[in-house]
2 protein chains.
Amino acid sequence: MQDIEGLAWVPRSGYEDQCLQTDQGRAIRELLDRVGDKWTLLVIGTLSSGVLRFSELQRHIPGISQRMLTQTLRNLERDGLVTRTLHAEVPPRVEYELTPLGRTLIGPAAALANWAVDTQADIAAARDAYDARVAAR
Amino acid sequence: MQDIEGLAWVPRSGYEDQCLQTDQGRAIRELLDRVGDKWTLLVIGTLSSGVLRFSELQRHIPGISQRMLTQTLRNLERDGLVTRTLHAEVPPRVEYELTPLGRTLIGPAAALANWAVDTQADIAAARDAYDARVAAR
DNA sequence: CAGAATCCGCAGGGATACTG
DNA sequence: CAGTATCCCTGCGGATTCTG
């Protein structure tokens, strides 16, 4: 863990320095590289409820292809956020589960998801107003 | 604001129902559509420290092009997260600022950014271990 | 200064077919 | 069942040029 107090996303004395050029900027980039794609957050959200096997995951996440589910799970496994357990049976059974590290992402991610839900009405209204303003011109 | 208690990203009674097929799934999609691109979170993070004009924003966010800054700001303005104030001078001066609604995003987004910083060492280690395991085979 | 418009490369991701 | 491999296409975003 490293100290990030001076880099948090909050007002500083002013904004004279370029607060996003260093660690904070990199943090955001890494974050987006890791969970900013189309499926990762959905997979994590689905796995937050417990262990699931491949086909179950696919059924829980409508629209995801085999290819993308595999790819997403591999990346998560590589990052240490998900474990993959292959049971040597026939037919094979593979179970996926969030690691303790992966579970630490649930809180922040859920907060952001809840933000999306809480603000959707306001944002839709703002959008309509904006579009009306543009159309009127 | 609508009730989302039953849809939060937490363990439910089990996972027998498809928790991501409805509101929660849509929330994540909308979230990613809105802030999942390459620059939006960086712009919001930069504006969290106060009012900035176009050129200042561009200087504070290394690597962003005029095109993408403009586009990002337009979207944020349209969603009601940022205000654009054109001062009728010559040369023109345009100032951008987070709206109260936009400011509500700072907390959740910062939490996620901090997660990225806090976990980067663990994730890098997991990655190295994974790659070593794969290379050894 | 703050943009609008245009061109273009390439990576994310969908559809499909095949395999241990 | 749980993948892998291949093809293909869309659109994100960079570079450049032009304007009020």
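Reminder, nothing fancy here: chain letters follow the sequence lines and each chain counts from 1.
Using a 4.0 Å cut-off, no side-chain N or O of Ser65(A) falls inside it from OP1 or OP2 of dA15(C). OP1 or OP2 of dG3(C) sits under 4.0 Å from a side-chain N or O of Arg74(B). Taking side-chain N and O atoms only, Ser55(B) has a distance below 4.0 Å to OP1 or OP2 of dA2(C). Contact annotation: Tyr96(B) side-chain N/O to dG3(C) OP1/OP2 distance is under 4.0 Å.
A straight line from CZ of Arg67(B) to C1' of dC18(D) spans 15 Å, rounded to a whole angstrom. Straight-line distance from the CD1 atom of Ile64(A) to the P atom of dA15(C): 12 Å, rounded to whole Å. Look at CG on Leu52(A): it is 15 Å from P on dC1(D), rounded to the nearest Å. Atom NZ in Lys38(A) sits roughly 19 Å away from atom P in dA11(C) (whole-Å rounding). The distance between atom CD of Gln71(A) and atom P of dG12(C), rounded to the nearest whole Å, is 8 Å. Atom CZ of Arg93(B) is separated from atom P of dG3(C) by 13 Å (rounded to the nearest Å). Following rounding to the nearest Å, Gln66(B) (CD) and dT16(D) (C1') show an atom-to-atom distance of 11 Å. For Leu32(A) and dC12(D), the CG to C1' distance is 14 Å, given to the nearest whole Å.
When side chains are defined from C-beta on, Arg74(B) counts as touching Tyr130(A), because their heavy atoms get closer than 4.5 Å. At a threshold of 4.5 Å between non-hydrogen side-chain atoms, the residues Asp131(B) and Arg78(A) count as touching.
The cluster map of Ile, Leu, Val, Met, Phe, Trp and Tyr, joined by side-chain heavy atoms under 4.5 Å apart, puts Leu86(A) and Leu52(A) in the same cluster.
Taking the nucleotide of DNA chain C with the nearest heavy atom to each of Phe54(B) and Gly63(A), the more 5' of the two is matched to Phe54(B).
Side chains of Thr40(B) and Asp37(B): a donor-acceptor N/O pair is present below 3.5 angstrom, by distance only.
Comparing dG14(C), dA2(C), dG14(D) by their closest approach to the side chain of Met68(A) singles out dG14(C).
Atom CD1 of residue Ile61(B) and atom CE of residue Met68(B) lie 11.5 Å apart, to the nearest 0.5 angstrom.
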